[in-house]
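In what follows, a single structure is set out as structure tokens and then discussed.
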2 protein chains.
Amino acid sequence: MDAAEQQVRQKGADGFSYSDLSTAVGLRKASIHYHFPAKSDLLTAIMARYGKRVMQELETYGDRFDTAEQQLEGFVAFYRAALQQGSSLCLCVAYAVNADGLSADTRQEIARFRAEVLTWLQHRFEMMQTRPDLPGGFGNATDAAAATLALVEGAQLSARIAADPAIYDQATRRFREQLRRN
Amino acid sequence: MDAAEQQVRQKGADGFSYSDLSTAVGLRKASIHYHFPAKSDLLTAIMARYGKRVMQELETYGDRFDTAEQQLEGFVAFYRAALQQGSSLCLCVAYAVNADGLSADTRQEIARFRAEVLTWLQHRFEMMQTRPDLPGGFGNATDAAAATLALVEGAQLSARIAADPAIYDQATRRFREQLRRN
DNA sequence: GTCTATAACTCGATAGAC
DNA sequence: GTCTATCGAGTTATAGAC
């Protein structure tokens with residue numbers, strides 16, 4: 001599953017085959033079909049595991065960072081780390097383009113993960129709203145959550161197309177500065 | 001090429017075949033190969049035509065809108081219109097996921113287009129900077145341009161995954177309000 | 001320019017031995 | 001659980017008649 005996740009995030013759901021995976025893990029195609037009979041089973045399993053892992057990571061930010069601003073900074077940094085050398089994307093971004101070619105199960109897993117991330121983001125923006133003395137207003141918390149997720153995912157895409165992770169930093173700089181100003 | 005562009009924006013570069021295209025345009029596969037010998041030729045031609053068309057559209061905004069703010073609002077609306085029913089993406093977003101599977105020519109065409117769009121955006125933010133009396137500061141113009149492109153492309157992705165164009169409006173609302181406040 | 005026909009290959013998936 | 005072998009379908013691309 002590690003190998004499969006890597007392949008999806010680098011080349012998309014349609015961009016790798018059981019044959020590619022076979023050489024990557026040193027097993028034959030048929031052996032992989034034993035564990036994941038259909039490719040959609042594999043794609044769904046990867047997405048479920050990915051979502052669980054990411055949310056577990058985000059939940060630790062409450063302990064590791066004092067303020068909502070720092071937690072949001074951590075969020076931006078986490079998506080930056082996912083870029084690696086500029087070749088890897090967040091899994092649901094990698095899935096997005098071929099969305100209608102995915103199974104209903106996979107799509108549902110994607111939707112569930114995105115809803116959880118949006119809720120997480122929204123809570124952080126709500127925490128900031130309870131302190132109206134702060135300079136950097138981010139407006140409605142739900143809108144701010146949607147905008148933030150779009151920004152980091154769009155920044156990942158930009159960095160990927162340019163094959164330059166620094167593009168991610170550039171696209172998110174303004175937002176990060178706004179957090180620090182608070 | 002209209003049919004091919006539509007297919008790419010709906011299903012990605014790897015998500016359609018000459019066979020699909022064949023039924024869409026009422027010609028046989030071999031006839032399409034006559035015009036575009038290799039698929040990469042077709043993908044490059046589509047990207048070049050798309051980039052030219054979009055930039056021509058953006059250039060008209062100077063006449064149609066008085067202020068930089070209005071032109072940027074037009075930009076956000078243009079990317080919203082590209083979404084259609086939530087099924088269609090900006091062409092370079094559709095290309096992005098499978099970026100390393102594309103030919104060097106296609107990648108170069110994508111890079112050229114993105115550079116032109118970023119320059120266009122940057123100029124609008126620079127126009128706004130010359131009026132420091134305005135409330136909504138967008139910071140460094142180059143950063144703002146990168147952030148804006150990332151935002152609208154990320155918003156397209158979010159709307160697409162959710163199969164709901166309204167998500168695009170939500171993710172871009174804050175930015176549009178900031179423009180109107182100027 | 002468009003067609004039929006087909007080459008050469010890869011895809012996801014299965015059968016059955018071990 | 002992993003293997004060899006293979007099926008049927010789909011893929012890009014080409015040859016050659018019209």
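Below, read A as the first sequence line, B as the second, and so on, with proteins coming before strands; counting in each chain starts at 1.
- Distances shorter than 4.0 Å separate none of the side-chain N or O atoms of Tyr18(B) from OP1 or OP2 on dT12(D).
- Here the P atom of nucleotide dG1(C) and the NE2 atom of His33(B) are 17 Å apart, to the nearest Å.
- Across Arg124(A), Arg64(A), His123(A), a single residue satisfies side chain to side chain donor-acceptor pair (under 3.5 Å) together with Gln71(A), and that is Arg124(A).
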Exercise for the section: Go through the steps to decide whether Arg49(B) and Asp2(B) satisfy the test salt bridge (Lys or Arg N to Asp or Glu O under 4.0 Å), and finish with yes or no. Expected result: CA-CA 10 Å; Arg49(B) 193 187 68 144; Asp2(B) 289 341; 2.8 Å; yes
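- When the side chain to side chain donor-acceptor pair (under 3.5 Å) test is applied to Thr23(A), no partner is found at least two apart in sequence or on another chain.
- Computed from coordinates, the His35(A) NE2 to dT2(D) C1' distance equals 8 Å when rounded to whole Å.
- Residue Ser19(A) has no polar side-chain atom (N or O) positioned under 4.0 Å from OP1 or OP2 of dT10(C).
- Within 4.0 Å (heavy atoms only), Ser17(B) reaches sugar-phosphate atoms of the nucleic acid but no base atom.
- Distance CZ (Arg28(B)) to C1' (dC18(D)): 15 Å, rounded to an integer number of Å.
- Counting to the nearest Å, the P atom of dC11(C) and the CZ atom of Phe16(B) are 18 Å from each other.
- The NZ atom of Lys11(A) sits 14 Å away from the P atom of dT10(C) (whole-angstrom rounding).
- In this structure, CD1 of Ile32(A) is placed 13 Å from C1' of dG1(D), rounded to the nearest angstrom.
- The neighbour count for Arg180(A) CZ, taken as heavy atoms of other residues, nucleotides or ligands under 6.0 Å away, does not exceed 12.
- The interatomic distance linking Lys39(B) (NZ) with dT10(C) (C1') rounds to 13 Å, in whole Å.
- In the set dT2(C), dT6(C), dA15(D), dA15(D) carries the atom at the smallest distance from any side-chain atom of Ala30(B).
- Leu21(B) has its CG atom 15 Å from the C1' atom of dT2(C), to the nearest Å.
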